[in-house]
Amino acid sequence: MRCLLSSKCKENALLAVLMYVEMMCNDLDLDKYTYPLVLKACVQLRELRYGRFVHAHVIKNGYALDLYVVNNLMRLYCVCGCVGSVRKVFDRTPVRDLVSWTILIQGYVDNGYMKEGVDLFFEMIDDGLRADERMMVVVISACAKLGDLKLGRELHEYVWSRKLNFDVFLGNALVDMYLKCGERDVALDVFREMPMRNVISWNTLISGLAQRREFKQALSAFNEMQDQGVKPDENTLVAVLNCCSNLGALEVGKWVHTYIDRNRIRVAGFVGNALVDMYAKCGSMDDALRVFRSMSTKDVFSYTSVIVGLATHGKARMALNFFYKMLEIGIQPNEVTFVGVLTACSHGGLVEEGDKLFADMWRVHKLKPRIEHYGCMVDLLGRAGLINEAMEFVENMPIEPDASIWGSILAACSIEGKVELAQHVTEKLVDRESEKDGTYILMSNTYASVSKWRDALEVRKVMKRQKIKKVPGCSSIELDGVVSEFRRRDKAHPRSKDIYAMVEQLTLHLTGTEALSDGSESCMI
DNA sequence: GTAGGGTTAG
């Protein structure tokens, strides 16, 4: 049985469980060495039914006080999501060791009860027990999920004061914790000081940076990882592709694709979906479709990526065809799929079809429309010039319209030049969130669209008086795998002079009007 | 008994 379990493969674990059944049939009793093995097999299979049976057997045969047996029993309930049972077994055991506490706490943490897990940790410390490295890894990762920096520092301090061994697990947990608690620089310090790093350390760093939306930094971490000769795994590639999607870094994305092909990594699941999404977001819809078609298994994510991609590329009909195809082969759409579908209708001017699909969301697919979906509908009506219908829709919404809904209305007003309605909406918006710059910009643009320049200027003055600044938009381009970000009036790039000279030439070429020398276009505000 | 995953959103 021990040999079977050492392979960590499910088939062998199943064989181990069958051996147990065979022993039972032959009236062979298990001892304190065999029970833990059977329980470990159940853990590997997440087999709760047999596990409970073994549990009853353990009690009957008087092994309920054997620590090794009990800990494995707790572990089984832990992976099966039965926190209550973990606790019960723990409470019934008079003698507990550090392992029992660790399994108990992890049981809480893994099943989403982070706070309770941390509380138990302090209860244990109060009991006079000293935590070891493994225990600290569990608690620190719980703290990362909580995003509680104060607690994180306290735990790090504990690691210091007890002079615990700073191994790769502890290092990874700390890096993750600091990244999730908003302390990027501390995380980087810990990362640099780690005596040992593995692929998980790098993945923690890269995906942690990506989650902070620091995609450029994430890509440089990836470059550094390669310089140091660490081989990326599938998780690394998915995280890197995600960065590419957000940056529009097509060249890096293509490089990853080549790497995937060269290393014979299967283009399916997360990797395939991330590739499709990357190509779609980087503007290479043909490549996105090619990857999509090559995938052996497709799920709701694959279809959603393609639908959203086509919708944003203005291929409304094609996006909808993919949607209907998806239904045909029996893949259930989710909320995000509908964001894509409704966006397609909105961009394609398909009011009637959009209306019907919106109704189908709940009627057919039992998906409750969220604020995003209502936003899409307002956008759909607004873009089609049906402002009154859009207003009516907003007034009859079962949920409170948010700023983005009113933003859609304002955007429509600005296109159609509906000044009175825009004024009415702006007043509502200003009441709610006065610091938002977009409201004022749209109002000003509405005035400008009907040539009311003086009013437009007045809005701008109000902004100045209330010290509201327009948050500058940011664009980025990628050249030779290096991503450069640009803001308006930005002169940070080493070749900014050349860049602006080129912008001027291009503008002259395209429109016959001169670009302003500071690089901003001559726009309304 | 220990760490990271992670794709979809105008």
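Each chain gets a letter, A, B and so on, in the order its sequence line appears, and its residues count up from 1.
Closest to the side chain of A:Val308, from the set B:dT8, B:dT2, B:dA3, is B:dT8. Out of B:dT2, B:dA9, B:dA3, the shortest distance to the side chain of A:Lys281 is found at B:dA9. Residue A:Val339 places its side chain closer to B:dA9 than to any other of B:dT7, B:dA9, B:dG6. If you check B:dA9, B:dT8, B:dT2 against the side chain of A:Val138, the one that comes closest is B:dT2. Comparing B:dT7, B:dA3, B:dT8 by their closest approach to the side chain of A:Val336 singles out B:dT8. Proximity note for A:Lys40 (side chain, C-beta onward) versus B:dA9, B:dG1, B:dT7: the nearest is B:dG1. Closest to the A:Gln211 side chain, of the nucleotides B:dT8, B:dG6, B:dT2, is B:dG6. Closest contact between the side chain of A:Val137 and the listed nucleotides B:dA9, B:dT8, B:dT2 involves B:dT2.
Note: A:His365 and A:Phe323 have perpendicular aromatic rings, judged against thresholds of 30 and 60 degrees for the angle between ring planes. Taking the six-membered ring where tryptophan is involved, the planes of A:Tyr113 and A:Tyr108 are perpendicular, since the angle between them exceeds 60° and thus also 30°.
Atom CZ of A:Arg130 is separated from atom P of B:dG1 by 23 Å (rounded to the nearest Å). The distance between atom CD1 of A:Ile260 and atom P of B:dT7, rounded to the nearest whole Å, is 15 Å. In this entry the distance linking OH of A:Tyr279 with P of B:dT8 reads 17 Å, nearest Å. Rounding to whole angstrom units, CG of residue A:Leu98 and P of B:dG1 are separated by 13 Å. In this structure, the CD1 atom of A:Ile405 is 14 Å from the C1' atom of B:dA9, given to the nearest Å. Atoms CD1 (A:Ile105) and P (B:dA3) sit 13 Å apart, rounded to a whole Å. The interatomic distance linking A:His365 (NE2) with B:dT8 (C1') rounds to 16 Å, in whole Å. Between the P atom of B:dT2 and the CZ atom of A:Arg134 lies a distance of 7 Å, rounded to the nearest Å.
Counting heavy atoms of neighbouring residues, nucleotides and ligands inside a 6.0 Å radius, atom NZ of A:Lys366 exceeds 12 of them.
Comment: A:Glu353 engages A:Arg317 in a salt bridge, judged by a side-chain N to carboxylate O separation of less than 4.0 angstrom. A salt bridge does not link A:Arg383 with A:Glu389: every distance from a Lys NZ or Arg NE/NH1/NH2 to an Asp or Glu carboxylate oxygen is 4.0 Å or more.
Counting atom types as modelled, A:Asn273 pairs a side-chain N or O with a base atom of B:dT7 as donor and acceptor under 3.5 Å. Interface remark: the A:Asn242 side chain does not form any donor-acceptor pair with the B:dG6 base, using a distance-only criterion of under 3.5 Å.
B:dT2 has its base stacked against the ring of A:Phe169, the centroids being under 5.5 angstrom apart at an interplanar angle below 30°.
The residue A:Gln106 sits close only to the backbone: its heavy atoms come under 4.0 Å of sugar-phosphate atoms, none of a base. Residue A:Ala311 is out of contact with every strand shown, counting any heavy-atom pair closer than 4.0 Å. Within the nucleic acid shown, A:Asn71 has no heavy atom closer than 4.0 Å to any nucleic acid atom. Residue A:Thr304 is classed as a base contact, given a heavy-atom separation below 4.0 Å to a base. Counting non-hydrogen atoms under 4.0 angstrom, A:Asp379 reaches a base of the nucleic acid.
Side-chain contact between A:Val394 and A:Tyr374 is absent, with no heavy-atom pair separated by less than 4.5 Å.
Considering only side-chain N and O atoms, A:Gln332 lies nowhere under 4.0 angstrom from the phosphate OP1 or OP2 of B:dT8. Residue A:Thr343 has no polar side-chain atom (N or O) positioned under 4.0 Å from OP1 or OP2 of B:dA9. Under 4.0 angstrom from either OP1 or OP2 of B:dT2 there lies at least one side-chain N or O belonging to A:Arg75.
Minimum heavy-atom separation, A:Leu39 to A:Leu73: CD2-CD1, 3.6 Å.
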